[in-house]
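Worksheet for the structure shown next.
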There are 2 protein chains.
Amino acid sequence: MANIQEIARLAGVSTATVSRVINQHPYVSDLTRERVLKIIGQLDYVPNYNATSLKKGATRSIGIIAVDYNSLLMSLVRSFHTIAQQSGFNTMLFMTNGECSKELVALEMLRSRQLDALFCLVRTNEWNIIESYTRYGPIVTWQRLTSDSIPSVFMDQYQGYMLSLEYLYSKGYRKILNVFSSKGLNTLERIRAYRDFIQMHGLKDSGFPQFHNKMSIYDGEEIAQWWIKQTDKPEAISCSTDEVAAGILMELQRAGFTVPDDVGIMGFDNTDIAHLLDLTTIHYPVDKQAENAFAVIKSMLDQSVPKLHSLAFNLIERRST
Amino acid sequence: MANIQEIARLAGVSTATVSRVINQHPYVSDLTRERVLKIIGQLDYVPNYNATSLKKGATRSIGIIAVDYNSLLMSLVRSFHTIAQQSGFNTMLFMTNGECSKELVALEMLRSRQLDALFCLVRTNEWNIIESYTRYGPIVTWQRLTSDSIPSVFMDQYQGYMLSLEYLYSKGYRKILNVFSSKGLNTLERIRAYRDFIQMHGLKDSGFPQFHNKMSIYDGEEIAQWWIKQTDKPEAISCSTDEVAAGILMELQRAGFTVPDDVGIMGFDNTDIAHLLDLTTIHYPVDKQAENAFAVIKSMLDQSVPKLHSLAFNLIERRST
DNA sequence: TTGTATGCGTTATCAC
DNA sequence: GTGATAACGCATACAA
């Protein structure tokens with residue numbers, strides 16, 4: 001494979017000049033530039049990126065960490081990739097599948113300078129582990145987290161969940177079942193929203209069990225089975241994700257129930273499946289969150305001040321409520 | 001950041017010895033090894049991977065190219081990642097979203113030695129473009145392709161589609177509508193399977209229009225609308241993907257029709273959504289395909305002979321037929 | 001506007 | 001067993 005020296009030799013210039021041409025430096029005469037570019041073209045030469053990275057001390061690539069995929073996360077990934085690309089950064093996606101070791105692969109790549117930064121959508125390892133890697137480069141998360149070494153671009157789920165609950169209330173639902181996802185600060189905020197909600201409207205607590213750690217279609221199916229067995233049934237179910245809502249809806253329909261006549265169902269995230277099944281849900285601007293994440297990383301990389309979007313939730317009314 | 005020289009200095013040895021320790025070479029006395037490892041630990045030292053890659057002329061990382069995500073592709077990605085990791089290779093995922101430029105990012109990374117090889121699940125650029133990059137490293141695809149520079153781990157869709165059609169026939173369906181996906185060799189094989197199928201059973205061609213390039217939920221919804229309008233309706237619909245089948249099913253149910261009483265629907269791929277909606281579908285071993293892909297790449301990288309799995313289709317009967 | 005020389009952090013080939 | 005030292009391919013400070 002051709003290298004910069006060969007180009008220099010063939011073009012009858014020094015490697016420094018070739019390098020200048022490649023990096024679009026000023027102060028190269030048009031004539032020599034032409035000549036160098038011609039040889040580069042002829043030899044199909046590309047700079048060895050490993051050498052460049054070594055020399056520059058940066059790779060201009062950013063890792064994105066997720067546990068698994070779903071349409072919401074993929075929108076985030078897509079937006080982040082696009083905005084990063086515009087600033088000349090590549091992204092690489094790490095799907096940890098919930099395995100700590102897979103997440104550590106990404107973390108270690110940051111440590112060994114293969115990555116300049118990390119955007120951690122959903123973590124697997126404990127925060128203190130991840131935090132210990134911030135000394136090797138910027139790490140920004142999408143999850144709710146209060147840390148001074150790991151900035152977060154989360155959106156306050158309290159507001160979003162309250163929006164959902166208030167809407168259900170306005171439609172006349174009173175006995176509401178909450179389905180929460182993984183135990184994190186987001187969930188705590190949603191719980192707080194529910195507490196405030198029943199207090200504000202002078203409702204008494206439903207006495208329904210707490211569903212936690214439910215986020216998949218399969219979880220939804222289980223919850224539907226629970227619902228079917230109850231004598232004192234919830235009038236509406238406010239779900240952690242559209243997937244859970246989808247699972248509930250389909251399982252209930254299979255069992256002969258009708259939505260929203262028998263029970264109202266609210267999704268969350270406004271993903272494709274919510275559209276497919278006509279689920280009322282909560283939309284929020286993940287694209288802006290992705291852009292904010294990149295802005296924060298960029299600013300940490302070149303110690304500037306980030307310019308951020310402000311963010312808001314939105315209710316999408318469909319036919320499940 | 002600490003480098004190998006600093007470690008050498010502090011341990012009172014040469015960089016060569018440190019390198020030997022790091023790379024687990026034999027012929028290092030236990031005593032010096034201890035001493036070096038201790039300093040490495042103290043300074044939290046990691047080799048700069050860019051330097052290693054530069055020196056070795058390889059990065060031990062492989063790119064995976066996909067257009068978008070769905071559960072089928074993600075199973076492939078997951079399996080490939082896992083098997084690659086076991087051999088000490090990292091993977092990076094490129095979601096092209098159908099944009100040629102995004103795919104070129106991956107291709108160019110191969111060219112500039114950031115990647116040792118590529119696993120192209122679904123291409124975006126023309127094959128001849130992709131083919132021109134094979135001189136920079138192994139490229140293996142999951143799509144059906146006959147090329148001597150790009151090996152493929154596809155499965156013969158003729159068999160799979162025939163399995164679907166024969167099953168429908170056995171259930172008594174005769175007037176079958178085909179929904180095909182993007183115009184590729186896979187689709188051609190499915191078309192061929194259908195031709196052979198009607199001929200084998202002495203059926204006459206349905207005269208239904210050809211649906212091509214249909215692969216999403218939304219496409220399915222459109223097809224459902226078409227179905228509703230027909231007077232001479234297909235008795236069954238054999239779909240290109242589970243997503244299409246899902247779109248059709250839900251749209252028909254919204255319009256008051258019943259599946260499988262009014263029409264039978266077959267999915268393809270056996271993804272999560274097929275489970276969710278109880279779709280009869282065709283399963284096939286993507287995990288084995290991923291392992292084959294890696295085996296081929298590995299063998300091209302160290303010019304050995306790959307050991308491959310043999311592969312077969314499987315029908316999953318559910319309630320949509 | 002161009003060239004020389006040096007260093008980025010490793011690995012590997014010698015020699016000892 | 002261990003240590004010099006020469007690459008790997010590029011970018012840049014300094015000279016000219």
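The analysis underlying the following values was restricted to heavy atoms, covering all of them including side chains, and did not include hydrogens, waters or symmetry mates.
Nearest heavy atom pair, residue A:Asp116 against residue A:Leu301, reads O-CD1, 3.9 Å. When all heavy atoms of B:Met300 and B:Ser149 are compared, the pair lying nearest together is CE-O, 4.5 Å. Residues B:Cys120 and B:Ile139 come closest through the heavy atom pair CB-CG2, 4.5 Å.
With B:Asp68 contributing its side chain and B:Asn97 its backbone, the two residues share no donor-acceptor pair below 3.5 Å.
Donor-acceptor pairing under 3.5 Å is recorded for the side chains of B:Glu131 and B:Ser147. Between the side chains of B:Gln289 and B:Tyr284, no donor-acceptor pair of N or O atoms lies under 3.5 Å.
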Report, one pair per line, the protein and nucleotides 10-12 of chain C atoms (nitrogen or oxygen only) whose separation is under 3.5 Å.
| unit_1 | atom_1 | unit_2 | atom_2 | d |
| --- | --- | --- | --- | --- |
| C:dT10 | OP1 | B:Tyr45 | OH | 2.7 |
| C:dT10 | OP1 | B:Asn48 | N | 2.9 |
| C:dT10 | OP2 | B:Ile4 | N | 2.6 |
| C:dT10 | OP2 | B:Tyr45 | OH | 3.3 |
| C:dT10 | O5' | B:Tyr45 | OH | 3.3 |
| C:dT10 | O3' | B:Thr52 | OG1 | 3.4 |
| C:dT11 | OP1 | B:Asn23 | OD1 | 3.4 |
| C:dT11 | OP1 | B:Asn23 | ND2 | 3.3 |
| C:dT11 | OP2 | B:Ser19 | OG | 2.8 |
| C:dT11 | OP2 | B:Asn23 | ND2 | 3.4 |
| C:dT11 | O2 | B:Lys55 | NZ | 3.3 |

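As a whole-Å value, the separation of B:Ile7 CD1 from C:dG9 P is 12 Å.
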Under the rule of Watson-Crick or G-U wobble with both distances under 3.5 Å, where | means paired to another strand and [ ] a crossing pair, DNA chain D maps to ||||||||||||||||
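You'll find the ring centres of B:Phe294 and B:Phe89 inside the 6.0 Å limit.
Between A:Glu6 and the choices A:Val18, A:Leu43, A:Thr15, A:Ile39, the side-chain contact (heavy atoms from CB on, under 4.5 Å) rule is met once, by A:Leu43.
The existence of a salt bridge linking B:Asp287 and B:Arg78 is excluded, since no basic side-chain nitrogen approaches an acidic carboxylate oxygen closer than 4.0 Å. Salt-bridge check for B:Asp44 with A:Arg135: passed, with a basic side-chain N closer than 4.0 Å to an acidic carboxylate O.
Bracketed by its first and final contacts, the part of DNA chain D lying under 4.0 Å from non-hydrogen atoms of chain A reaches from D:dG9 to D:dA13 in 5' to 3' order.
Heavy-atom nearest nucleotides on DNA chain D were determined for B:Leu54 and for B:Gly12, and the one closer to the 5' end corresponds to B:Gly12.
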